[in-house]
Structure formats: structure tokens, C-alpha cells
Q: 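Let me begin by handing over the structure; questions about it come next.
These values consider heavy atoms only, across backbone and side chains, with no hydrogens, waters or symmetry-generated copies.
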Amino acid sequence: MGELYIDGTWTAVAAGGRRDVINPYDASVVTTVDEADATDVDRAVRAARRAFTEARGVTVV
């Protein structure tokens, strides 16, 4: 089972899909990556919104 980096931790992908990354020059497979589904994207968006809300109150010096 693959993992995605969401909300500061590696978490298991919901559906377990994989996708080949293809080199456009010669069509060879460069690597294979874990594929997010809608559940994974929803988790990532919720984490990003929460982080944005928390960071809004931080003063950058």
C-alpha cells in the first residue's frame, strides 16, 4: 500500500492506486508514484485550509 504526505505525515492512500511517470522523450517509465483519489484530495485540502487559517494570525518579521 502506498503513502501520500498529507498534513505533515505520511498516510496510506485511500484507494491504493499507482501511476507510471513516463519520460516524454522515449516513452520509458521513469518511476511509479502513488495515486490520490477524491478522499485523499479532500484530506489534503482540509489540512491546507486548517494550516492557512492557523498561519493567518502569525506575524512575519
Side-chain angles (χ1 to χ4, degrees):
M1 170 81 54
E3 293 183 313
L4 299 170
Y5 195 71
I6 298 174
D7 201 15
T9 60
W10 289 99
T11 58
V13 293
R18 306 274 297 163
R19 178 178 297 254
D20 290 339
V21 177
I22 306 297
N23 180 337
Y25 176 73
D26 62 7
S28 64
V29 176
V30 176
T31 191
T32 303
V33 296
D34 298 311
E35 187 173 47
D37 70 358
T39 302
D40 299 313
V41 173
D42 287 343
R43 284 190 297 157
V45 169
R46 280 195 308 271
R49 285 184 176 150
R50 185 174 55 255
F52 178 77
T53 301
E54 291 170 5
R56 288 174 67 179
V58 175
T59 303
V60 178
V61 182

Q: Would Ile22 and Val29 satisfy side-chain contact (heavy atoms from CB on, under 4.5 Å), going step by step from the backbone distance to the final call?
A: CA-CA 5 Å; Ile22 306 297; Val29 176; 3.9 Å; yes

Q: In terms of side-chain geometry, is the basic nitrogen of Arg19 or Glu35 positioned less than 4.0 Å from the acidic oxygen of its partner?
A: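 Salt bridge: yes.
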
Q: Using the salt bridge (charged side-chain N to carboxylate O under 4.0 Å, His left out) criterion, which residues pair with Asp37? Sequence neighbours excluded.
A: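 Salt bridge (charged side-chain N to carboxylate O under 4.0 Å, His left out) list for Asp37, sorted by chain: empty.
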
Q: Is it the case that over 12 heavy atoms from other parts of the model lie below 6.0 angstrom from the CZ atom of Arg49?
A: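 No, because the 6.0 Å sphere around CZ of Arg49 holds 12 heavy atoms or fewer from other groups.
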
Q: Kindly say whether Glu3 contributes a backbone atom to a donor-acceptor pair with the side chain of Asp34 at under 3.5 angstrom?
A: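 Yes: the side chain of Asp34 pairs with the backbone of Glu3.
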
Q: Do any N or O atoms from the side chain of Asp40 and from the backbone of Ala14 form a donor-acceptor pair under 3.5 angstrom?
A: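 Looks like yes, one N/O pair under 3.5 Å.
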
Q: Quick one: side-chain contact (heavy atoms from CB on, under 4.5 Å) partners of Arg56, sequence neighbours excluded?
A: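 Here the qualifying residues are Phe52.
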
Q: Mind checking the CG-CZ spacing from Asp7 to Arg43? Nearest 0.5 Å is all I need.
A: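 Reported to 0.5 Å precision, the distance equals 9.5 Å.
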
